[in-house]
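Heads up: the structure comes next, in structure tokens.
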Amino acid sequence: MLKFHQIKVNKDELSLTNVLQAGQAFRWVFNEKENHYTTTMKVTESNKYFIVVLSQPADDLIEFTSPDLSLDPEHLRSHLERYFRLDVSLNNLLLNEWIPKDHRFKTISAHGVRILAQEPWETLISFICSSNNNIARITKMCHSLCTNYGEEVGVFDGQKFFSFPSSDVIAERATETALRDLGFGYRAKYIIETAKKVSKVRADGNYENDTALFRKLQSSFSYIEMREHLMGYTGVGPKVADCVCLMGLGMDDVVPVDVHVSRIAKRDYQIIANNKNISTLKKLYADLPITRKKINLELDHIRLELYNKWGLYAGWAQGVLFSKEVGKVSGATSSGEIKKRAIVQVDIDIKEETATRTTFDRVSNKHRKNIKREQI
DNA sequence: GGACGGCCTGGGTT
DNA sequence: AAACCCAGGCCGT
């Protein structure tokens with residue numbers, strides 16, 4: 001019998017359903033009978049993956065464990081606290097950041113919807129798969145990559161669990177044809193080309209793993225440069241790149257703008273780019289030294305306006321609103337079924353937390369002027 | 001330089 | 001039943 005350990009956290013701060021099954025992470029398997037979630041993840045500094053099991057048995061409690069007895073529970077606890085970003089209080093953001101800036105949040109509960117700190121490489125591949133696709137199939141694809149190219153980590157609930165394959169493993173062992181046969185469709189080519197390029201960049205820089213590479217890039221790049229770099233991979237446009245920045249690199253103020261966010265922005269905030277907005281953005285990007293893929297300036301205007309409106313945790317605010325708008329589909333269950341879900345109403349209470357940094361603070365000086373100009 | 005098809009697939013709807 | 005639509009975009013022309 002597994003021994004579960006506890007994390008005291010309220011459901012309005014963290015709802016496992018709303019965070020793990022709402023199109024942000026695609027590799028958590030829900031066991032309906034036992035009411036717990038299972039995945040594999042890196043927990044330690046090494047590249048080893050562990051099976052991790054979570055449940056939310058009460059409104060003020062998360063329970064966690066791993067069947068791997070070599071894993072120190074306290075180490076897993078601190079890892080999960082980082083993964084769920086428990087240093088950030090949703091209720092504080094709501095009360096002190098979003099409600100004062102946006103009256104729309106007065107009547108909204110965050111429902112425990114928060115942004116995860118996921119592995120950048122896995123986030124990149126997951127969201128390459130997300131283009132013109134639905135959550136059920138994205139989930140299926142992510143699992144398919146693991147079962148076909150990952151390493152078996154262990155068995156739980158009578159089901160085998162695998163690691164997420166690194167860029168070099170995919171580059172060496174997978175082919176476009178093989179991925180097409182596995183049902184990836186036109187994304188097969190994107191994944192192969194991206195894996196080859198990432199593993200090459202990695203090898204050239206002698207990085208130990210994919211995470212190390214992306215963290216290093218992040219440390220020397222501004223947000224704009226990081227997005228630029230990500231958009232250099234096939235199948236990665238501004239939306240996918242922004243998802244990686246937000247959920248894989250912890251850039252909390254980045255708002256990935258897709259069709260839904262675009263609709264919300266126009267319908268609820270009347271954000272519509274005029275000619276001046278567009279020409280300003282055009283100049284902004286023309287001045288940047290990096291040649292870029294074309295981006296939709298109308299959507300980019302929405303991104304900036306929502307950042308201006310919501311502030312340092314704009315990406316989180318988007319998550320809350322987005323979940324309210326379209327979060328109705330769940331991911332994998334043990335039986336392989338995909339089910340509809342309902343968002344649970346929760347109450348609001350207060351905690352201490354202070355927002356500290358912005359992605360735009362990290363823009364290098366030669367770009368700052370341009371960015372600032374656009375922030376006005 | 002920007003607008004516009006076309007794209008794999010699977011589940012749902014007509 | 002067959003046809004059509006749609007899903008948290010991106011690529012090529």
Side-chain angles (χ1 to χ4, degrees), chain A residues 18-19 21-26 113 115-116 118 123-145 175-194 197 227-228 230-248 254-267 273 275 277-279 281-286 291-303 306 315-332 336-341:
Chain A
N18 290 349
V19 168
Q21 298 190 277
Q24 179 179 177
F26 300 96
V113 177
I115 301 298
L116 296 168
Q118 304 191 71
T123 309
L124 177 59
I125 293 302
S126 301
F127 282 92
I128 284 177
C129 292
S130 78
S131 82
N132 196 23
N133 207 348
N134 57 65
I135 293 178
R137 190 152 80 106
I138 301 165
T139 301
K140 207 170 115 190
M141 288 173 172
C142 291
H143 280 103
S144 177
L145 269 184
T175 63
E176 185 182 336
T177 311
L179 291 185
R180 277 201 174 251
D181 289 345
L182 289 171
F184 283 80
Y186 61 82
R187 301 164 197 83
K189 181 182 164 194
Y190 301 165
I191 293 169
I192 296 298
E193 290 189 0
T194 297
K197 188 166 173 185
R227 186 173 65 156
E228 203 55 51
L230 290 168
M231 285 175 62
Y233 298 106
T234 317
V236 181
K239 155 61 166 65
V240 170
D242 281 345
C243 283
V244 175
C245 286
L246 176 64
M247 299 169 224
V254 172
V255 181
V257 179
D258 52 45
V259 288
H260 296 283
V261 174
S262 172
R263 188 181 64 246
I264 295 171
K266 288 173 185 164
R267 185 196 65 198
N275 291 338
N277 300 142
I278 297 293
S279 61
L281 278 177
K282 206 181 292 180
K283 187 165 184 346
L284 166 73
Y285 286 120
T291 10
R292 57 174 35 259
K293 256 175 223 184
K294 269 177 261 190
I295 69 172
N296 183 325
L297 296 180
E298 198 180 326
L299 296 184
D300 207 53
H301 175 72
I302 291 172
R303 178 182 69 76
L306 291 178
W316 292 53
Q318 176 265 12
V320 168
L321 283 190
F322 189 90
S323 174
K324 181 174 179 294
E325 190 81 7
V326 287
K328 299 189 186 70
V329 190
S330 80
E337 296 170 50
I338 307 297
K339 306 229 170 180
K340 299 281 185 187
R341 70 183 177 84

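Below, read A as the first sequence line, B as the second, and so on, with proteins coming before strands; counting in each chain starts at 1.
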Between [N] atom [atom2] and [X] atom [atom1], what is the distance in whole Å?
X	N	atom1	atom2	value
A:Met141	B:dC8	CE	C1'	7 Å
A:Leu182	B:dG10	CG	C1'	16 Å
A:Leu299	C:dC10	CG	P	10 Å
A:Asn296	C:dG8	CG	C1'	15 Å
A:Lys324	C:dG8	NZ	C1'	17 Å
A:Ile191	B:dC8	CD1	P	13 Å
A:Asp181	B:dC8	CG	P	13 Å
A:Asp258	C:dC10	CG	C1'	14 Å

Look at the side chain of [X] and the base of [N], then say whether one donor and one acceptor between them are separated by less than 3.5 Å.
X	N	answer
A:Lys294	B:dG2	yes
A:Tyr186	C:dG9	yes
A:Arg137	B:dC8	yes

Can you tell which of [options] lies closest to the side chain of [X]?
X	options	result
A:Lys140	B:dG10, C:dC10, C:dG8	B:dG10
A:Lys239	C:dA7, B:dG2, C:dG8	C:dG8
A:Lys189	C:dA7, C:dG12, C:dG9	C:dG12
A:Asn134	B:dG10, C:dC10, B:dC8	B:dG10
A:Lys282	C:dG8, B:dC8, B:dG2	B:dG2

Next item on the list: Please give the nucleotide sitting opposite B:dC7 as a Watson-Crick or G-U wobble pair, both distances under 3.5 Å, or none.
Entry: C:dG9
Kindly say whether [Y] contributes a backbone atom to a donor-acceptor pair with the side chain of [X] at under 3.5 angstrom?
X	Y	answer
A:Asn133	A:Cys129	yes
A:Arg187	A:Ser131	yes
A:Ser323	A:Gly319	no

Notebook entry, point to check: Looking at A:Arg180 and A:Tyr186, what are the two nearest heavy atoms and their distance?
Noted result: NH2-CA, 3.4 Å
Check: Does B:dC8 have OP1 or OP2 sitting under 4.0 Å from an N or O in the side chain of A:Arg180?
Finding: yes
Notebook entry, point to check: Looking at A:Lys282, A:Arg303, A:Lys266, which one forms a salt bridge (Lys or Arg N to Asp or Glu O under 4.0 Å) with A:Glu298?
Noted result: A:Lys266
Item checked: Integer angstrom distance from the P of B:dC8 to that of C:dT13 -> 14 Å
Check: Given the C1' atoms of B:dA3 and C:dG8, what is the spacing between them in whole Å?
Finding: 22 Å
By the 4.0 Å heavy-atom rule, please label [X] as base, sugar-phosphate, or nothing.
X	result
A:Glu193	nothing
A:Val236	sugar-phosphate
A:Val240	sugar-phosphate

Notebook entry, point to check: Taking atom CG of A:Asn275 as the centre, does the number of heavy atoms from other residues, nucleotides or ligands within less than 6.0 Å exceed 12?
Noted result: no
Checklist line | First encountered from the 5' end of DNA chain C, between A:Gln24 and A:Tyr190 | finding: A:Gln24
